[in-house]
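Here the structure comes first, spelled out in structure tokens, and everything after it is commentary.
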Amino acid sequence: MPTELTMLAASAVLTFILAFPSACSLMYTKGLQFAAGNRDEPYTLPAWAERANRAHRNMLENFPVFLALVVVVHLTGATNEATALGATLFLWGRVAHAIVYIAGVAYVRTAAYLVSVAGLVM
């Protein structure tokens, strides 16, 4: 399987995994009944869980662009070393972004995001 498709699959797994930290925090802090309910009342989570939620939303915003680019590159047969490197940069930039975002490391988070953007450009 081409590197671009492997990185796409891994990015899909990352997107799926990023849904869990804030959901687990919600169940832990508010209880299963609240988490499984409609959550009509406003609530707050610990800061790290709020950041995890934002990291997940950010990935959801960036994943469709990556998906479209990988599909176009693959269908047109335009895969090469640069597109493989770009896809790899996107994935690892997103992994680093999620980790440092959840940890609350502001400037490193931005650098990691820019690595993933560089991957998109490639």
Side-chain angles (χ1 to χ4, degrees):
M1 181 161 50
T3 301
E4 296 84 356
L5 293 179
T6 302
M7 296 301 113
L8 179 60
S11 295
V13 170
L14 174 63
T15 304
F16 178 74
I17 289 170
L18 284 174
F20 289 98
S22 63
C24 291
S25 175
L26 178 64
M27 285 189 285
Y28 181 75
T29 59
K30 301 295 182 183
L32 182 58
Q33 185 175 0
F34 181 82
N38 291 327
R39 299 185 294 256
D40 293 327
E41 303 130 23
Y43 63 92
T44 58
L45 294 174
W48 71 267
E50 294 288 350
R51 289 191 302 270
N53 190 34
R54 290 192 301 274
H56 181 238
R57 286 195 322 255
N58 187 271
M59 184 62 178
L60 288 171
E61 293 168 358
N62 285 270
F63 184 74
V65 175
F66 181 60
L67 170 64
L69 291 172
V70 169
V71 167
V72 166
V73 165
H74 183 70
L75 291 178
T76 60
T79 59
N80 57 42
E81 290 180 14
T83 60
L85 177 60
T88 304
L89 283 174
F90 177 82
L91 172 66
W92 290 111
R94 296 309 307 189
V95 168
H97 177 265
I99 292 168
V100 296
Y101 202 166
I102 293 169
V105 185
Y107 296 103
V108 178
R109 180 196 84 213
T110 302
Y113 175 75
L114 292 174
V115 167
S116 72
V117 169
L120 290 175
V121 171
M122 293 179 79

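Excluded from the calculations below are hydrogen atoms, water molecules and symmetry mates; all remaining heavy atoms, backbone and side chain alike, are included.
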Exercise for the section: Decide whether Val71 and Leu69 are clustered together by the hydrophobic rule: side chain heavy atoms of Ile, Leu, Val, Met, Phe, Trp, Tyr closer than 4.5 Å, transitively. Expected result: yes
Handout entry: Side-chain heavy-atom pair Pro2, His74 within 4.5 angstrom cut-off
Key = yes
Problem - Exam field: side chain Arg109 to backbone Tyr101, donor-acceptor pair closer than 3.5 Å - result: no
Handout entry: Transitive ILVMFWY side-chain link Leu8 to Leu75, under 4.5 Å
Key = yes
Practice task
Mind listing the closest non-hydrogen atom pair of Ala19 and Ala23 along with its distance?
Solution key: O-CB, 3.5 Å
Practice task
Take Asn53 and Leu45, measure what side-chain contact (heavy atoms from CB on, under 4.5 Å) needs, and give me the verdict at the end.
Solution key: CA-CA 10 Å; Asn53 190 34; Leu45 294 174; 5.7 Å; no
Problem - Side-chain heavy atoms of Phe63 within contact of Leu14, under 4.5 Å - result: no
Problem - Interatomic spacing from CG in Leu26 to OG1 in Thr44 - rounded to 0.5 Å - result: 10.5 Å
Problem - Side chain His56, main chain Thr15, donor-acceptor under 3.5 Å - result: yes
Handout entry: Minimum side-chain heavy-atom gap Trp48-Pro21 below 4.5 Å
Key = yes
Practice task
Compare all side-chain heavy atoms of Met59 with those of Ser11 and state whether any distance is below 4.5 angstrom.
Solution key: yes
Exercise for the section: Spell out, yes or no, whether Phe66 and Val72 are grouped together once hydrophobic residues are joined by side-chain heavy atoms under 4.5 Å, including indirect joins. Expected result: no
Handout entry: Cluster overlap Met7 with Met1, hydrophobic side-chain contacts below 4.5 Å
Key = yes
Completion exercise
CD1 (Ile102) and CD (Glu50) are apart, to the nearest 0.5 Å, by 12.0 Å
Anything under 3.5 Å between a donor and an acceptor, one on a side chain of residues 82-94, the other on a protein residue two or more places apart or in another chain? List them.
residue	atom	partner	partner atom	Å
Thr83	OG1	Glu4	OE2	2.5
Thr83	OG1	Asn80	N	2.8
Thr83	OG1	Asn80	O	3.0
Thr88	OG1	Ala84	O	2.9
Arg94	NH1	Asn58	OD1	2.9
Arg94	NH2	Asn58	OD1	2.6

Exercise for the section: Decide side-chain contact (heavy atoms from CB on, under 4.5 Å) for Ser25 and Tyr28; before the verdict, give the C-alpha distance in whole Å, the side-chain angles of both, and the deciding distance to 0.1 Å. Expected result: CA-CA 5 Å; Ser25 175; Tyr28 181 75; 5.6 Å; no
Exercise for the section: Establish whether Leu18 and Val95 are linked, either directly or via other cluster members, by ILVMFWY side-chain heavy-atom contacts under 4.5 Å. Expected result: yes
